[in-house]
Amino acid sequence: MTTYFNNGVYADKETIKVSIDDRGYYFGDGVYEVIKVYDGKLYTDQEHFTRFLQSAKKIRMDLPYTIDEFTGIAKKLAADNGIVEGHVYIQATRGAAPRMHNFPGEEVEPMITAYAIHNPRPLSKIKEGVAVKTTDDIRWLRCDIKSLNLLGNVLAKQEAYDAGCAEAVFVRDGIVTEGSSSNMFGVKDGILYTHPATNLILNGITRRVILQLCAKHSIGVMEEPFTLEQFKEMDELFLTSTTSEITPIVSIDGKIVGDGAPGRVTERLQQVFEETIHELKMEIN
Ligand SMILES: Cc1ncc(COP(=O)(O)O)c(C=O)c1O
């Protein structure tokens, strides 16, 4: 039996009813977050729920909970479902109303749904790396919003899977933006490169952790746009996300990256990232 959260109620998944008029269903009109759980504890939950509220604000949606209240919901879901290693998924749609593009009246409440699920760390991919495939970034120009409207991302991920790759790398006007569900990083001559946090990418929480770790450990960073040609010539490549953590990229469009094994800077960052997880585990709640 899995306990879900639905607008203030904790209930079995089977008993939760969502309206067919929900705007998430019609338009993808909503926002979401994924928060990692290590050892039963939430990782960077403040950052995730801050972004959740910011995403909602950017689509002109008011959410009825504070960051602390959302954290409380996520903690309860992880605890009640006995999640030791996994993640919490939470989404908010603009609610249910007869289908019209314009917003419904203020009496329509957002529909907030959340659950916690077991999801082990992808340790073999983290250790050995993955292959990726490039694709045109056909998405809209507000990729900074963690919107439920993910069709461009879904199509890109499937294209990558069809080609036997783990992730799609979006390229817009010759510039590498991000992955279909991750941020992209390259290392050249010891310097880390990643696309700046503009409207063209989601400013990943893992991306932010990486940049903080680079500052702390004196690894040089260039947050500047770079071309696909430059990306393919980097010494090391990796991707980051809440569930993928730091996953090395060992081939891109069939071309081997570096010597085909995870690079030195990538492994160093993995090591210091691991320390942040260890610190979380050591925290007393
Ligand atoms: C498009 C996109 N970019 C980047 C990320 C990485 O973000 P985070 O590190 O917050 O998981 C995600 C995560 O799902 C994503 O969907």
Side-chain angles (χ1 to χ4, degrees), residues 28 30-38 42-56 58-59 67 70-71 74 86-91 114 117 119 121-122 125-126 130 132-161 166-172 175-186 192-214 223 225 231 237-249 266 269-270 273 276-277 280:
V31 292
Y32 76 105
E33 275 299 327
V34 178
I35 304 109
K36 188 77 195 169
V37 178
Y38 294 109
L42 302 174
Y43 184 76
T44 54
D45 45 293
Q46 288 285 311
E47 290 80 355
H48 279 282
F49 287 121
T50 301
R51 185 174 66 183
F52 192 44
L53 290 174
Q54 285 167 348
S55 290
K58 286 176 183 176
I59 64 161
I67 293 173
F70 276 125
T71 299
H87 66 257
V88 173
Y89 176 86
I90 185 158
Q91 71 170 41
I117 190 168
N119 180 17
R121 300 174 66 191
K125 285 183 179 166
I126 288 172
V130 295
V132 298
K133 180 187 187 302
T134 58
T135 191
D136 266 359
D137 195 343
I138 58 163
R139 301 173 302 160
W140 69 333
L141 296 173
R142 291 308 306 273
C143 301
D144 54 308
I145 301 173
K146 203 163 167 65
S147 151
L148 290 178
N149 219 310
L150 287 172
L151 200 45
N153 309 60
V154 166
L155 290 173
K157 181 78 91 189
Q158 189 57 43
E159 189 184 322
Y161 275 34
E167 178 60 309
V169 179
F170 281 127
V171 180
R172 193 189 287 271
I175 301 293
V176 172
T177 51
E178 62 178 338
S180 74
S181 61
S182 60
N183 290 115
M184 288 291 152
F185 291 82
L192 192 69
Y193 291 81
T194 196
H195 194 283
T198 65
N199 61 309
L200 298 182
I201 69 159
L202 181 76
N203 186 2
I205 303 301
T206 324
R207 176 187 182 279
R208 301 179 208 185
V209 172
I210 299 302
L211 297 183
Q212 282 165 10
L213 290 173
C214 284
E223 280 184 84
F231 195 56
L237 300 180
F238 65 87
L239 60 85
T240 67
S241 80
T242 296
T243 51
S244 304
E245 304 180 3
I246 302 172
T247 298
I249 295 172
T266 308
L269 282 168
Q270 286 180 325
F273 184 78
T276 68
I277 299 172
L280 175 77

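Start at 1 and go down the list; that is how both ligands and their atoms are numbered.
In this structure, Ser244 has no heavy atom closer than 4.0 Å to ligand 1. For Lys146, the closest heavy-atom approach to ligand 1 falls below 4.0 Å.
Heavy-atom proximity to Asn183, at under 4.0 Å, picks out these atoms of ligand 1: 4 (C), 6 (C). When each atom of ligand 1 is checked for a heavy atom of Thr242 under 4.0 Å away, the hits are 8 (P), 9 (O), 10 (O), 11 (O). Close approach of ligand 1 to Gly179 (heavy-atom distance below 4.0 Å) involves ligand atoms 1 (C). Every atom of ligand 1 is numbered from 1 in the order shown, and the set under 4.0 Å from a heavy atom of Gly204 is 7 (O), 8 (P), 9 (O), 10 (O). For ligand 1, the atoms closer than 4.0 angstrom to any heavy atom of Asn153 are 1 (C). Against a heavy-atom cut-off of under 4.0 Å, Glu178 is close to the following atoms of ligand 1: 1 (C), 2 (C), 3 (N), 4 (C). Near Arg51, the atoms of ligand 1 lying under 4.0 angstrom from a non-hydrogen atom of the residue are 10 (O).
Applying the 6.0 Å contact sphere to NZ of Lys125 captures no more than 12 heavy atoms from other residues, nucleotides or ligands.
Residues satisfying the side chain to side chain donor-acceptor pair (under 3.5 Å) criterion with Thr71, sequence neighbours excluded, are absent altogether. Not counting sequence neighbours, the partners of Ser181 by the side chain to side chain donor-acceptor pair (under 3.5 Å) test are Lys157.
Taking only nitrogen or oxygen atoms, main chain and side chain alike, Thr206 reaches within less than 3.5 Å of ligand 1. Residue Leu202 has no nitrogen or oxygen atom sitting less than 3.5 Å from a nitrogen or oxygen atom of ligand 1, judged on distance alone.
Contacts with ligand 1 closer than 4.0 Å are made by no heavy atom of Cys143, backbone or side chain.
The existence of a salt bridge linking Glu178 and Arg139 is confirmed by a sub-4.0 Å separation between a basic side-chain nitrogen and an acidic carboxylate oxygen. Salt bridge annotation for Lys146-Glu33: absent, with no cationic side-chain nitrogen under 4.0 angstrom from a carboxylate oxygen. One finds a salt bridge joining Arg121 and Glu245 here, because a Lys/Arg side-chain nitrogen approaches an Asp/Glu carboxylate oxygen to under 4.0 Å.
When atom types are taken as modelled, the side chain of Arg208 and the backbone of Asn203 share a donor-acceptor pair closer than 3.5 angstrom.
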